[in-house]
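Read the structure below first, then the notes.
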Amino acid sequence: MAALAVHREPAGGFSFQNCRRNAFIEAQLTKQGLKVIEARKTGTTIAGVIFKDGVILGADTRATEGMVVADKNCSKIHYIASNIYCCGAGTAADTEMTTQLISSNLELHSLSTGRLARVATANRMLKQMLFRYQGYIGAALVLGGVDCTGPHLYSIYPHGSTDTLPYVTMGSGSLASMAVFEDRYKPDMEEEDAKQLVKDAIAAGIFNDLGSGSNIDLCVITKNKLDYLRPHDIANKKGVRQGNYKYRRGATGTLTESVAPLELEVVEEAVHTMDTS
């Protein structure tokens with residue numbers, strides 16, 4: 001007997017079928033004593049702002065491995081071209097290799113066209129590569145630069161979507177950083193005011209997010225010059241111990257004392273050199 005397929009109009013609103021599926025799979029795995037794979041949590045605060053003459057990018061310098069600080073002074077502002085730099089948040093290896101690959105491709109593009117690369121070109125290359133991998137490359141980027149059309153600033157998400165705004169923040173400390181921008185940003189800011197704004201925004205992420213910390217790096221890009229300030233400021237200065245905690249021998253009283261003699265058997269020992277030829 002032939003089955004009759006009836007075409008139904010899709011129901012409106014959100015569909016939570018995948019949520020129910022994931023909850024069912026998690027419950028079945030828990031019954032079998034298995035643990036559900038969790039996404040890796042990373043920490044960073046990166047930001048950028050467009051000012052009167054160009055773009056300023058900022059980042060903290062803490063790299064984490066779970067709850068452990070793996071590197072206190074890592075560089076999160078990556079070179080793309082002489083007029084374009086990119087801040088990376090997420091998986092450190094992904095941000096490093098993604099920016100290196102796009103930098104190489106953009107250099108070939110510049111040699112082919114004989115022109116200085118545009119920021120929109122770098123943005124298109126990055127978003128197409130990340131979209132191709134459907135978010136499996138954990139790179140959240142803030143791209144900034146100055147070309148023949150003026151200063152540009154983009155935020156690029158791991159799935160390939162992009163935004164272009166006068167100021168952007170990304171990373172686990174982005175909410176605290178964005179609060180500073182929304183409170184104090186003004187159009188056509190002077191360079192020193194913009195540098196102070198980005199510095200304070202990154203510092204807000206450092207002091208309000210455990211995944212961000214250590215120093216503040218800045219990269220100032222204008223039409224005629226580039227200033228890579230590393231470090232621009234040391235937000236978390238290590239304190240100096242005030243007291244002296246060394247005590248003379250015998251200051252602590254001993255309640256009991258026992259000595260256990262060890263019987264050792266002396267054996268012959270021979271040393272052989274390793275043949276390295």
Side-chain angles (χ1 to χ4, degrees), residues 41-64 74-78 80 83-90 95 99 119-120 122-123 126-127 139-147 149-159 161-223 226-236:
K41 296 181 180 180
T42 58
T44 287
T45 301
I46 55 175
V49 66
I50 294 178
F51 69 103
K52 182 179 179 182
D53 300 318
V55 175
I56 297 180
L57 303 175
D60 71 303
T61 61
R62 173 178 289 180
T64 57
C74 73
S75 176
K76 299 181 183 180
I77 305 179
H78 307 285
I80 299 292
N83 61 321
I84 305 171
Y85 273 74
C86 182
C87 301
T95 59
T99 51
V119 187
N123 175 55
L126 284 165
K127 70 189 293 185
L141 309 173
V142 171
L143 180 71
V146 179
D147 55 27
T149 61
H152 299 276
L153 185 65
Y154 297 94
S155 60
I156 307 172
Y157 295 84
H159 290 85
S161 61
T162 61
D163 294 327
T164 174
L165 297 165
Y167 56 88
V168 297
T169 64
M170 294 198 81
S172 56
S174 61
L175 295 179
S177 186
M178 180 58 75
V180 175
F181 277 126
E182 290 183 342
D183 180 48
R184 293 166 46 188
Y185 171 78
K186 298 176 182 177
D188 298 326
M189 298 179 70
E190 297 294 334
E191 180 177 332
E192 290 302 319
D193 295 336
K195 285 167 67 175
Q196 184 66 36
L197 177 61
V198 176
K199 170 191 166 184
D200 292 343
I202 299 299
I206 287 175
F207 291 118
N208 292 281
D209 173 45
L210 289 177
S212 308
S214 298
N215 308 330
I216 300 173
D217 293 346
L218 293 185
C219 183
V220 183
I221 308 172
T222 59
K223 189 173 183 180
L226 169 77
D227 288 336
Y228 193 166
L229 308 173
R230 173 173 165 82
H232 173 66
D233 185 58
I234 301 175
N236 279 340

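Treat the numbers as computed from the prediction; the structure is a model and nothing was measured. Each residue takes its place number in the sequence, starting with 1. Values below: every heavy atom of this structure, side chains too, minus hydrogens, waters and symmetry copies.
- Residue pairs that meet the salt bridge (Lys or Arg N to Asp or Glu O under 4.0 Å) test with at least one member in residues 48-60, sequence neighbours left out, are Lys52-Glu190, Asp60-Lys76.
- Side-chain atoms of Tyr85 never come within 3.5 Å of backbone atoms of Ile221 as a donor-acceptor pair (strictly under, hydrogens ignored).
- Between the side chain of Asn83 and the main chain of Val146, a donor-acceptor pair closer than 3.5 Å is present.
- Inter-residue side-chain proximity for Leu57 and Leu153 is flagged as met; some heavy-atom pair is nearer than 4.5 Å.
- The CG atom of Asn215 sits 4.0 Å away from the OG1 atom of Thr61 when rounded to the nearest 0.5 Å.
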Indicate every side-chain donor-acceptor pair of residues 173-182 with a distance under 3.5 Å to a residue at least two apart or in another chain.
unit_1 : atom_1 : unit_2 : atom_2 : d
Ser174 : OG     : Gly171 : O      : 2.9
Ser177 : OG     : Ala201 : O      : 3.3

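- Atom OH in Tyr185 sits 9.5 Å away from atom CG in Leu197 (nearest 0.5 Å).
- Counted within 6.0 Å of CG on Leu210, heavy atoms from surrounding residues, nucleotides or ligands total 12 or fewer; the atom is thus considered open.
- With respect to Lys195, the side chain to side chain contact (heavy atoms under 4.5 Å, CB included) criterion is satisfied by exactly one of Val220, Asp227, Val49: Val220.
- At a threshold of 4.0 Å, the pair Arg184-Asp200 counts as salt-bridged, since one of the basic side-chain nitrogens sits closer than that to a carboxylate oxygen.
- Formation of a donor-acceptor pair under 3.5 Å by the Thr162 side chain with backbone atoms of Ser155 is not found in this model.
- In terms of heavy atoms, Ser212 sits closest to Gly205 at CB-O, 3.7 Å.
- When atom types are taken as modelled, the side chain of Asp233 and the backbone of Ile216 share no donor-acceptor pair closer than 3.5 angstrom.
- Considering OH of Tyr228 and CG of Asp217, their distance stands at 5.5 Å, rounded to 0.5 Å.
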